[in-house]
There are 2 protein chains.
Amino acid sequence: MYSFTEENYLKAIYKLSDNDGNGVSTNSIAENMETKAASVTDMIKKLSDKKLLKYEKYKGVNLTQKGKDVALQTIRKHRIWEVFLHEKLKFGWEEVHEVAEQLEHIQSELLINKLDEFLGYPTHDPHGDPIPGENGEFHSNAFVSLDTVEANKKVILSGVINHSVPFLQHLKKIDLTLGQKLMVIEINEYDRSLKLVLNGKIEIFISNEVAKNILVK
Amino acid sequence: MYSFTEENYLKAIYKLSDNDGNGVSTNSIAENMETKAASVTDMIKKLSDKKLLKYEKYKGVNLTQKGKDVALQTIRKHRIWEVFLHEKLKFGWEEVHEVAEQLEHIQSELLINKLDEFLGYPTHDPHGDPIPGENGEFHSNAFVSLDTVEANKKVILSGVINHSVPFLQHLKKIDLTLGQKLMVIEINEYDRSLKLVLNGKIEIFISNEVAKNILVK
DNA sequence: TATTATTTTTAGACAAATCTAAATTTATAT
DNA sequence: ATATAAATTTAGATTTGTCTAAAAATAATA
(Lines give C-alpha, C1' and ligand atoms only; values in the text may rest on other atoms or scores of the structure.)
Protein backbone atom coordinates (compact mmCIF):
# COMPACT_ATOMS: atom_id res chain seq x y z
CA MET A 1 0.00 0.00 0.00
CA TYR A 2 2.43 2.68 1.16
CA SER A 3 6.19 2.44 0.81
CA PHE A 4 8.66 1.92 3.62
CA THR A 5 9.75 5.54 3.20
CA GLU A 6 6.25 6.98 3.10
CA GLU A 7 5.35 5.17 6.32
CA ASN A 8 8.49 6.50 7.99
CA TYR A 9 7.69 10.07 7.00
CA LEU A 10 4.13 9.79 8.25
CA LYS A 11 5.28 8.31 11.54
CA ALA A 12 7.86 11.07 12.03
CA ILE A 13 5.35 13.81 11.20
CA TYR A 14 2.79 12.26 13.54
CA LYS A 15 5.28 12.28 16.39
CA LEU A 16 6.27 15.89 15.66
CA SER A 17 2.66 17.09 15.57
CA ASP A 18 1.38 19.12 18.51
CA ASN A 19 -2.20 18.83 17.31
CA ASP A 20 -2.41 22.59 17.81
CA GLY A 21 -2.93 23.24 14.14
CA ASN A 22 0.61 24.57 13.73
CA GLY A 23 2.17 22.83 10.80
CA VAL A 24 5.23 20.64 11.29
CA SER A 25 8.24 22.40 9.75
CA THR A 26 10.31 20.99 6.91
CA ASN A 27 13.49 21.39 8.93
CA SER A 28 12.18 19.57 11.99
CA ILE A 29 11.17 16.63 9.81
CA ALA A 30 14.57 16.63 8.13
CA GLU A 31 16.35 16.68 11.48
CA ASN A 32 14.16 13.92 12.92
CA MET A 33 14.68 11.68 9.91
CA GLU A 34 18.35 12.50 9.48
CA THR A 35 17.87 13.69 5.92
CA LYS A 36 17.98 17.02 4.08
CA ALA A 37 15.27 19.68 3.90
CA ALA A 38 15.15 19.44 0.10
CA SER A 39 14.34 15.73 0.32
CA VAL A 40 11.58 16.47 2.79
CA THR A 41 10.01 19.03 0.47
CA ASP A 42 9.99 16.46 -2.32
CA MET A 43 8.35 13.80 -0.17
CA ILE A 44 5.86 16.23 1.30
CA LYS A 45 4.57 17.03 -2.17
CA LYS A 46 4.12 13.35 -2.87
CA LEU A 47 2.27 12.71 0.39
CA SER A 48 0.14 15.78 -0.24
CA ASP A 49 -0.83 14.46 -3.70
CA LYS A 50 -1.93 11.26 -1.98
CA LYS A 51 -4.07 13.25 0.48
CA LEU A 52 -2.07 12.02 3.44
CA LEU A 53 -1.30 15.54 4.61
CA LYS A 54 -2.15 19.19 4.01
CA TYR A 55 0.66 21.29 2.67
CA GLU A 56 1.02 24.98 1.92
CA LYS A 57 4.37 26.22 0.73
CA TYR A 58 6.48 27.65 3.54
CA LYS A 59 3.75 26.84 6.08
CA GLY A 60 4.65 23.33 7.15
CA VAL A 61 2.37 20.30 7.09
CA ASN A 62 -0.50 18.73 9.00
CA LEU A 63 -1.57 15.12 8.61
CA THR A 64 -5.05 14.42 7.31
CA GLN A 65 -7.14 11.75 9.04
CA LYS A 66 -5.94 9.33 6.39
CA GLY A 67 -2.33 10.24 7.15
CA LYS A 68 -2.88 9.86 10.89
CA ASP A 69 -4.42 6.45 10.33
CA VAL A 70 -1.39 5.22 8.42
CA ALA A 71 0.97 6.66 11.06
CA LEU A 72 -0.99 5.05 13.89
CA GLN A 73 -1.10 1.66 12.21
CA THR A 74 2.65 1.84 11.72
CA ILE A 75 3.16 2.77 15.37
CA ARG A 76 0.81 -0.06 16.36
CA LYS A 77 2.85 -2.56 14.37
CA HIS A 78 6.11 -1.22 15.75
CA ARG A 79 4.99 -1.56 19.35
CA ILE A 80 3.41 -4.98 18.96
CA TRP A 81 6.65 -6.26 17.40
CA GLU A 82 8.58 -4.72 20.31
CA VAL A 83 6.45 -6.70 22.74
CA PHE A 84 7.13 -9.88 20.78
CA LEU A 85 10.88 -9.26 20.73
CA HIS A 86 10.99 -8.51 24.43
CA GLU A 87 8.54 -11.04 25.84
CA LYS A 88 9.08 -14.00 23.54
CA LEU A 89 12.58 -13.59 22.16
CA LYS A 90 14.09 -12.02 25.30
CA PHE A 91 15.52 -8.95 23.64
CA GLY A 92 16.56 -6.23 26.12
CA TRP A 93 14.32 -3.16 26.12
CA GLU A 94 17.20 -1.18 24.65
CA GLU A 95 17.50 -3.61 21.72
CA VAL A 96 13.93 -3.85 20.50
CA HIS A 97 13.56 -0.50 18.75
CA GLU A 98 16.07 -1.03 15.97
CA VAL A 99 14.64 -4.36 14.82
CA ALA A 100 11.06 -3.15 15.18
CA GLU A 101 11.91 -0.29 12.82
CA GLN A 102 12.21 -2.92 10.11
CA LEU A 103 9.40 -5.25 11.18
CA GLU A 104 6.84 -2.43 11.33
CA HIS A 105 6.84 -2.25 7.53
CA ILE A 106 5.83 -5.84 6.86
CA GLN A 107 2.56 -5.71 4.95
CA SER A 108 -0.03 -8.12 6.29
CA GLU A 109 -3.11 -7.24 8.30
CA LEU A 110 -3.50 -10.88 9.18
CA LEU A 111 0.03 -11.10 10.52
CA ILE A 112 -0.26 -8.21 12.93
CA ASN A 113 -3.66 -9.31 14.18
CA LYS A 114 -2.52 -12.87 14.77
CA LEU A 115 0.63 -11.63 16.46
CA ASP A 116 -1.47 -9.36 18.67
CA GLU A 117 -3.63 -12.32 19.64
CA PHE A 118 -0.56 -14.53 20.24
CA LEU A 119 0.79 -11.91 22.64
CA GLY A 120 -2.54 -11.65 24.49
CA TYR A 121 -3.51 -8.21 23.19
CA PRO A 122 -0.83 -6.19 24.98
CA THR A 123 -1.69 -2.57 25.81
CA HIS A 124 1.84 -1.21 26.20
CA ASP A 125 5.24 -1.80 24.62
CA PRO A 126 8.43 -2.57 26.59
CA HIS A 127 9.03 1.14 27.18
CA GLY A 128 5.55 1.68 28.59
CA ASP A 129 4.22 3.40 25.47
CA PRO A 130 0.58 2.60 24.71
CA ILE A 131 -0.28 0.44 21.71
CA PRO A 132 -2.99 1.95 19.46
CA GLY A 133 -5.88 -0.38 18.63
CA GLU A 134 -6.94 -1.60 15.21
CA ASN A 135 -8.87 1.62 14.72
CA GLY A 136 -6.13 3.85 16.06
CA GLU A 137 -7.69 4.37 19.48
CA PHE A 138 -5.41 4.89 22.49
CA HIS A 139 -6.12 3.83 26.03
CA SER A 140 -4.33 6.78 27.60
CA ASN A 141 -2.06 5.67 30.36
CA ALA A 142 -2.05 8.52 32.85
CA PHE A 143 1.44 7.78 34.10
CA VAL A 144 3.32 10.40 36.08
CA SER A 145 6.98 11.25 36.05
CA LEU A 146 8.87 9.83 39.05
CA ASP A 147 10.23 13.25 40.05
CA THR A 148 6.70 14.39 40.91
CA VAL A 149 5.86 11.48 43.19
CA GLU A 150 5.62 12.18 46.92
CA ALA A 151 7.70 10.23 49.43
CA ASN A 152 6.58 6.90 50.88
CA LYS A 153 4.09 6.10 48.15
CA LYS A 154 4.35 2.72 46.45
CA VAL A 155 4.45 2.91 42.66
CA ILE A 156 5.23 0.70 39.68
CA LEU A 157 7.70 1.63 36.95
CA SER A 158 5.46 1.84 33.88
CA GLY A 159 7.35 3.68 31.18
CA VAL A 160 10.17 5.98 30.14
CA ILE A 161 10.29 9.36 28.43
CA ASN A 162 13.88 9.13 27.18
CA HIS A 163 14.07 6.10 24.86
CA SER A 164 17.80 6.27 24.18
CA VAL A 165 19.83 3.07 24.33
CA PRO A 166 22.34 4.37 26.93
CA PHE A 167 19.55 5.53 29.23
CA LEU A 168 17.71 2.20 28.96
CA GLN A 169 20.94 0.29 29.57
CA HIS A 170 21.63 2.39 32.64
CA LEU A 171 18.19 1.71 34.12
CA LYS A 172 18.55 -2.00 33.45
CA LYS A 173 21.90 -2.04 35.25
CA ILE A 174 20.37 -0.58 38.40
CA ASP A 175 17.34 -2.91 38.19
CA LEU A 176 14.90 -0.26 37.08
CA THR A 177 12.88 -2.14 34.49
CA LEU A 178 9.22 -2.14 33.51
CA GLY A 179 6.99 -3.48 36.26
CA GLN A 180 9.52 -2.84 39.02
CA LYS A 181 7.83 -1.98 42.32
CA LEU A 182 9.48 0.95 44.07
CA MET A 183 9.01 3.71 46.60
CA VAL A 184 10.63 7.12 46.98
CA ILE A 185 11.95 7.29 50.54
CA GLU A 186 13.98 10.47 50.39
CA ILE A 187 13.97 13.59 48.23
CA ASN A 188 17.17 15.59 48.45
CA GLU A 189 16.30 19.27 48.87
CA TYR A 190 19.47 20.53 47.20
CA ASP A 191 19.42 18.80 43.80
CA ARG A 192 16.13 16.90 43.98
CA SER A 193 17.94 13.58 43.61
CA LEU A 194 16.04 10.62 45.06
CA LYS A 195 16.63 7.65 47.31
CA LEU A 196 14.44 4.73 46.24
CA VAL A 197 13.71 1.36 47.72
CA LEU A 198 13.11 -1.51 45.27
CA ASN A 199 10.83 -4.42 46.15
CA GLY A 200 10.86 -3.12 49.71
CA LYS A 201 14.50 -4.15 50.04
CA ILE A 202 17.36 -2.65 48.03
CA GLU A 203 18.06 1.07 48.33
CA ILE A 204 19.39 3.05 45.37
CA PHE A 205 20.03 6.70 44.53
CA ILE A 206 19.07 8.37 41.28
CA SER A 207 19.51 11.90 39.99
CA ASN A 208 16.57 14.17 39.27
CA GLU A 209 17.51 14.00 35.59
CA VAL A 210 16.94 10.25 35.64
CA ALA A 211 13.75 10.55 37.72
CA LYS A 212 12.24 13.00 35.24
CA ASN A 213 12.56 10.41 32.49
CA ILE A 214 10.85 7.60 34.39
CA LEU A 215 7.08 7.15 34.36
CA VAL A 216 5.22 5.39 37.16
CA LYS A 217 1.68 4.64 38.16
CA MET B 1 24.34 -5.68 3.78
CA TYR B 2 22.59 -6.78 0.58
CA SER B 3 19.40 -5.26 -0.74
CA PHE B 4 15.99 -6.87 -0.76
CA THR B 5 16.29 -7.27 -4.52
CA GLU B 6 19.82 -8.69 -4.49
CA GLU B 7 18.78 -11.33 -1.96
CA ASN B 8 15.82 -12.29 -4.11
CA TYR B 9 17.97 -12.71 -7.20
CA LEU B 10 20.51 -14.84 -5.33
CA LYS B 11 17.75 -17.02 -3.89
CA ALA B 12 16.18 -17.54 -7.30
CA ILE B 13 19.52 -18.36 -8.95
CA TYR B 14 20.35 -20.77 -6.14
CA LYS B 15 17.07 -22.61 -6.66
CA LEU B 16 17.60 -22.75 -10.43
CA SER B 17 21.14 -24.11 -10.11
CA ASP B 18 21.73 -27.75 -10.96
CA ASN B 19 25.23 -27.62 -9.48
CA ASP B 20 26.37 -29.29 -12.70
CA GLY B 21 28.45 -26.31 -13.72
CA ASN B 22 25.94 -25.30 -16.37
CA GLY B 23 25.19 -21.65 -15.92
CA VAL B 24 21.68 -20.52 -15.08
CA SER B 25 20.19 -18.73 -18.08
CA THR B 26 19.05 -15.14 -18.10
CA ASN B 27 15.63 -16.13 -19.36
CA SER B 28 15.03 -18.75 -16.68
CA ILE B 29 15.85 -16.20 -14.00
CA ALA B 30 13.55 -13.65 -15.64
CA GLU B 31 10.73 -16.18 -15.80
CA ASN B 32 11.23 -17.30 -12.20
CA MET B 33 11.27 -13.75 -10.88
CA GLU B 34 8.50 -12.50 -13.13
CA THR B 35 10.65 -9.77 -14.62
CA LYS B 36 12.27 -9.06 -17.99
CA ALA B 37 15.51 -10.52 -19.34
CA ALA B 38 17.01 -7.06 -19.75
CA SER B 39 16.50 -6.36 -16.04
CA VAL B 40 18.18 -9.65 -15.21
CA THR B 41 21.23 -8.78 -17.30
CA ASP B 42 21.56 -5.49 -15.43
CA MET B 43 21.34 -7.12 -12.03
CA ILE B 44 23.67 -9.96 -13.00
CA LYS B 45 26.38 -7.45 -13.80
CA LYS B 46 25.94 -5.82 -10.45
CA LEU B 47 26.09 -9.15 -8.59
CA SER B 48 29.11 -10.15 -10.62
CA ASP B 49 30.92 -6.93 -9.63
CA LYS B 50 30.21 -7.84 -6.01
CA LYS B 51 31.72 -11.31 -6.54
CA LEU B 52 28.44 -13.02 -5.72
CA LEU B 53 28.40 -14.90 -9.02
CA LYS B 54 30.49 -15.70 -12.10
CA TYR B 55 29.18 -14.27 -15.32
CA GLU B 56 30.32 -14.57 -18.92
CA LYS B 57 28.23 -12.85 -21.58
CA TYR B 58 25.71 -15.19 -23.21
CA LYS B 59 26.88 -18.08 -20.98
CA GLY B 60 24.60 -17.74 -17.98
CA VAL B 61 25.68 -17.46 -14.35
CA ASN B 62 26.96 -19.61 -11.47
CA LEU B 63 26.94 -18.50 -7.85
CA THR B 64 30.25 -18.16 -6.06
CA GLN B 65 30.57 -19.56 -2.53
CA LYS B 66 29.83 -16.07 -1.26
CA GLY B 67 26.67 -15.95 -3.38
CA LYS B 68 25.56 -19.37 -2.18
CA ASP B 69 26.08 -18.32 1.43
CA VAL B 70 23.82 -15.29 1.02
CA ALA B 71 21.18 -17.40 -0.77
CA LEU B 72 21.27 -20.07 1.94
CA GLN B 73 20.97 -17.57 4.76
CA THR B 74 17.97 -16.03 3.03
CA ILE B 75 16.38 -19.46 2.60
CA ARG B 76 17.17 -20.23 6.24
CA LYS B 77 15.43 -17.06 7.37
CA HIS B 78 12.46 -17.72 5.10
CA ARG B 79 11.90 -21.21 6.46
CA ILE B 80 12.38 -20.30 10.11
CA TRP B 81 9.80 -17.53 9.72
CA GLU B 82 7.44 -20.02 8.05
CA VAL B 83 7.72 -22.28 11.09
CA PHE B 84 6.94 -19.35 13.36
CA LEU B 85 3.90 -18.34 11.33
CA HIS B 86 2.57 -21.89 11.21
CA GLU B 87 3.37 -23.14 14.71
CA LYS B 88 2.90 -20.03 16.79
CA LEU B 89 0.53 -17.81 14.81
CA LYS B 90 -1.51 -20.67 13.32
CA PHE B 91 -1.19 -19.64 9.69
CA GLY B 92 -2.22 -22.36 7.24
CA TRP B 93 0.63 -23.98 5.36
CA GLU B 94 -0.66 -22.35 2.18
CA GLU B 95 -0.51 -18.89 3.78
CA VAL B 96 3.01 -18.81 5.21
CA HIS B 97 5.04 -18.34 2.03
CA GLU B 98 3.80 -14.92 1.05
CA VAL B 99 4.47 -13.31 4.42
CA ALA B 100 7.81 -15.10 4.82
CA GLU B 101 8.88 -13.57 1.49
CA GLN B 102 8.88 -10.24 3.29
CA LEU B 103 10.17 -11.36 6.69
CA GLU B 104 13.20 -13.12 5.19
CA HIS B 105 14.75 -9.75 4.38
CA ILE B 106 14.79 -8.37 7.92
CA GLN B 107 18.42 -7.70 8.78
CA SER B 108 19.41 -8.97 12.20
CA GLU B 109 21.54 -12.00 12.95
CA LEU B 110 20.42 -11.82 16.56
CA LEU B 111 16.76 -11.88 15.58
CA ILE B 112 16.94 -15.01 13.47
CA ASN B 113 19.06 -16.85 16.01
CA LYS B 114 16.77 -15.97 18.88
CA LEU B 115 13.74 -16.92 16.80
CA ASP B 116 15.38 -20.23 15.94
CA GLU B 117 15.96 -20.89 19.65
CA PHE B 118 12.39 -19.82 20.51
CA LEU B 119 11.07 -22.37 18.03
CA GLY B 120 13.29 -25.15 19.41
CA TYR B 121 15.71 -25.30 16.46
CA PRO B 122 13.29 -26.69 13.86
CA THR B 123 14.83 -28.78 11.07
CA HIS B 124 12.02 -28.45 8.52
CA ASP B 125 9.52 -25.81 7.46
CA PRO B 126 5.74 -26.38 7.23
CA HIS B 127 6.12 -27.84 3.73
CA GLY B 128 8.74 -30.35 4.83
CA ASP B 129 11.66 -28.45 3.30
CA PRO B 130 14.87 -28.65 5.33
CA ILE B 131 16.15 -25.55 7.12
CA PRO B 132 19.83 -24.80 6.44
CA GLY B 133 21.95 -24.23 9.55
CA GLU B 134 23.84 -21.09 10.49
CA ASN B 135 26.70 -22.20 8.28
CA GLY B 136 24.48 -23.25 5.41
CA GLU B 137 24.62 -26.97 6.13
CA PHE B 138 21.64 -29.13 5.23
CA HIS B 139 20.52 -32.25 7.05
CA SER B 140 19.23 -34.00 3.97
CA ASN B 141 15.84 -35.45 4.52
CA ALA B 142 15.69 -38.58 2.39
CA PHE B 143 11.94 -38.40 1.88
CA VAL B 144 10.31 -40.41 -0.90
CA SER B 145 7.42 -39.50 -3.11
CA LEU B 146 4.15 -41.19 -2.06
CA ASP B 147 3.60 -42.71 -5.52
CA THR B 148 6.67 -44.94 -5.02
CA VAL B 149 5.61 -46.37 -1.66
CA GLU B 150 4.53 -50.01 -1.56
CA ALA B 151 1.14 -51.02 -0.21
CA ASN B 152 0.51 -51.68 3.48
CA LYS B 153 3.52 -49.75 4.73
CA LYS B 154 2.94 -47.11 7.41
CA VAL B 155 4.42 -43.72 6.53
CA ILE B 156 4.27 -40.12 7.72
CA LEU B 157 3.52 -37.19 5.46
CA SER B 158 6.75 -35.19 5.64
CA GLY B 159 6.77 -32.74 2.76
CA VAL B 160 5.43 -31.58 -0.58
CA ILE B 161 7.02 -31.02 -3.99
CA ASN B 162 4.34 -28.73 -5.41
CA HIS B 163 4.19 -25.67 -3.13
CA SER B 164 1.28 -23.93 -4.85
CA VAL B 165 -1.50 -22.49 -2.75
CA PRO B 166 -4.33 -24.44 -4.48
CA PHE B 167 -2.47 -27.74 -4.04
CA LEU B 168 -1.79 -27.07 -0.36
CA GLN B 169 -5.40 -26.03 0.20
CA HIS B 170 -6.58 -29.22 -1.45
CA LEU B 171 -4.41 -31.40 0.77
CA LYS B 172 -5.56 -29.59 3.89
CA LYS B 173 -9.19 -30.14 2.90
CA ILE B 174 -8.68 -33.91 2.71
CA ASP B 175 -6.70 -33.95 5.98
CA LEU B 176 -3.35 -34.51 4.35
CA THR B 177 -1.14 -32.22 6.41
CA LEU B 178 2.44 -32.47 7.67
CA GLY B 179 2.88 -35.25 10.22
CA GLN B 180 -0.26 -37.14 9.11
CA LYS B 181 0.16 -40.90 9.57
CA LEU B 182 -1.07 -42.85 6.58
CA MET B 183 -0.83 -46.10 4.68
CA VAL B 184 -1.36 -47.00 1.04
CA ILE B 185 -3.85 -49.84 0.97
CA GLU B 186 -4.62 -50.08 -2.72
CA ILE B 187 -2.79 -49.08 -5.90
CA ASN B 188 -5.05 -48.88 -8.93
CA GLU B 189 -3.35 -50.64 -11.85
CA TYR B 190 -5.06 -48.56 -14.51
CA ASP B 191 -4.18 -44.96 -13.51
CA ARG B 192 -1.99 -45.57 -10.45
CA SER B 193 -4.41 -43.68 -8.23
CA LEU B 194 -4.20 -44.65 -4.56
CA LYS B 195 -6.50 -45.60 -1.73
CA LEU B 196 -5.08 -44.41 1.59
CA VAL B 197 -6.06 -44.94 5.16
CA LEU B 198 -5.45 -42.05 7.57
CA ASN B 199 -4.70 -42.65 11.25
CA GLY B 200 -5.71 -46.25 10.66
CA LYS B 201 -9.34 -45.11 10.24
CA ILE B 202 -10.56 -42.89 7.41
CA GLU B 203 -10.14 -44.08 3.84
CA ILE B 204 -9.50 -41.61 1.01
CA PHE B 205 -8.62 -41.77 -2.68
CA ILE B 206 -5.99 -39.63 -4.35
CA SER B 207 -4.80 -39.37 -7.94
CA ASN B 208 -1.29 -40.33 -8.99
CA GLU B 209 -0.68 -36.67 -9.80
CA VAL B 210 -1.35 -35.75 -6.18
CA ALA B 211 0.68 -38.71 -4.86
CA LYS B 212 3.72 -37.68 -6.90
CA ASN B 213 3.75 -34.33 -5.15
CA ILE B 214 3.61 -35.70 -1.62
CA LEU B 215 6.75 -36.69 0.28
CA VAL B 216 6.71 -39.25 3.07
CA LYS B 217 9.15 -41.04 5.32
C1' DT C 1 12.07 49.83 7.95
C1' DA C 2 16.05 48.12 5.88
C1' DT C 3 19.19 44.55 6.29
C1' DT C 4 20.73 40.10 7.75
C1' DA C 5 19.94 35.54 8.85
C1' DT C 6 17.26 31.47 8.57
C1' DT C 7 14.14 28.46 6.44
C1' DT C 8 12.20 26.54 2.53
C1' DT C 9 11.84 25.60 -2.23
C1' DT C 10 13.51 24.87 -6.95
C1' DA C 11 16.57 23.16 -10.41
C1' DG C 12 19.38 19.78 -11.86
C1' DA C 13 21.94 15.59 -10.97
C1' DC C 14 22.52 10.82 -9.22
C1' DA C 15 21.87 5.79 -7.86
C1' DA C 16 18.90 1.69 -7.81
C1' DA C 17 15.93 -1.07 -10.20
C1' DT C 18 13.07 -1.48 -13.83
C1' DC C 19 11.22 -1.26 -18.67
C1' DT C 20 10.81 -1.17 -24.15
C1' DA C 21 12.82 -1.44 -28.45
C1' DA C 22 16.68 -2.31 -31.15
C1' DA C 23 21.04 -4.70 -31.91
C1' DT C 24 23.87 -8.61 -31.31
C1' DT C 25 25.05 -13.31 -30.39
C1' DT C 26 23.99 -18.14 -30.17
C1' DA C 27 21.12 -22.06 -31.48
C1' DT C 28 18.19 -24.50 -34.79
C1' DA C 29 16.62 -26.12 -39.10
C1' DT C 30 16.31 -26.54 -43.79
C1' DA D 1 26.24 -23.69 -44.73
C1' DT D 2 23.00 -20.38 -44.77
C1' DA D 3 18.73 -18.61 -43.18
C1' DT D 4 15.69 -18.23 -39.51
C1' DA D 5 14.49 -18.38 -34.75
C1' DA D 6 15.50 -17.76 -29.99
C1' DA D 7 18.12 -15.88 -26.34
C1' DT D 8 20.78 -12.20 -24.63
C1' DT D 9 22.66 -7.72 -24.37
C1' DT D 10 22.78 -2.70 -25.18
C1' DA D 11 20.86 1.86 -25.41
C1' DG D 12 17.97 4.97 -23.70
C1' DA D 13 14.00 6.13 -20.77
C1' DT D 14 11.33 5.93 -16.26
C1' DT D 15 10.35 5.86 -11.22
C1' DT D 16 11.59 6.49 -6.40
C1' DG D 17 14.15 8.64 -3.23
C1' DT D 18 18.02 11.18 -2.45
C1' DC D 19 21.47 15.01 -2.81
C1' DT D 20 23.99 19.85 -3.65
C1' DA D 21 23.83 24.45 -4.89
C1' DA D 22 21.29 28.36 -5.94
C1' DA D 23 17.04 31.08 -5.62
C1' DA D 24 13.10 32.65 -3.13
C1' DA D 25 10.38 33.47 0.90
C1' DT D 26 9.98 34.26 5.74
C1' DA D 27 11.80 35.65 10.21
C1' DA D 28 14.87 38.30 13.11
C1' DT D 29 17.45 42.35 14.27
C1' DA D 30 19.51 46.66 14.26
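Side chains are part of it too, since the values below use all heavy atoms of this structure and drop only hydrogens, waters and symmetry mates. Just so it is clear, the structure is predicted and the values come from calculations on it, not from any experiment.
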Taking ring-ring contact (aromatic ring centres under 6.0 Å, His included) as the definition, give me every residue that meets it alongside Phe84(B), ordered by chain and number, with sequence neighbours left out.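 ring-ring contact (aromatic ring centres under 6.0 Å, His included) list for Phe84(B), sorted by chain: Phe84(A), Trp81(B).
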
Round to the nearest Å and state the distance from [X] atom [atom1] to [N] atom [atom2].
| X | N | atom1 | atom2 | result |
| --- | --- | --- | --- | --- |
| Glu31(B) | dT8(D) | CD | P | 11 Å |
| Ile29(A) | dT8(C) | CD1 | P | 9 Å |
| Lys36(A) | dT20(D) | NZ | P | 4 Å |
| Met33(B) | dC19(C) | CE | P | 10 Å |
| Glu34(B) | dC19(C) | CD | P | 11 Å |
| Glu6(A) | dT18(D) | CD | P | 10 Å |
| Glu7(A) | dT16(D) | CD | P | 16 Å |

Look at all strands and tell whether Phe4(B) reaches a base, only sugar-phosphate, or nothing, counting heavy atoms closer than 4.0 Å.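 No contact at all - Phe4(B) keeps every heavy atom at 4.0 Å or more from the nucleic acid.
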
Footprint string (nucleotides 9-16 of chain C, 5' to 3'): B base within contact, S backbone only, - free, heavy atoms under 4.0 Å: BB-----S

Identify the two heavy atoms, one from Gln73(B) and one from Gly133(B), that lie closest to each other, and give their separation to 0.1 Å. NE2-O, 3.6 Å

Quick test of your reading of the model: are Glu117(B) and Lys90(A) salt-bridged, counting only N-O distances below 4.0 Å? no

Side chain of Arg76(B), backbone of Gly136(B): donor and acceptor closer than 3.5 Å? no

So, does Asn27(B) get its side chain near the phosphate of dA6(D), meaning an N or O under 4.0 Å from OP1 or OP2?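 Indeed not, no polar side-chain atom of Asn27(B) lies that close.
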
Counting only heavy atoms not in Gln180(A), do more than 12 fall under 6.0 Å of its CD?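 Yes.
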
Lys88(B) NZ/CZ over Phe118(B) ring centroid, <6.0 Å and within 45° of normal: yes

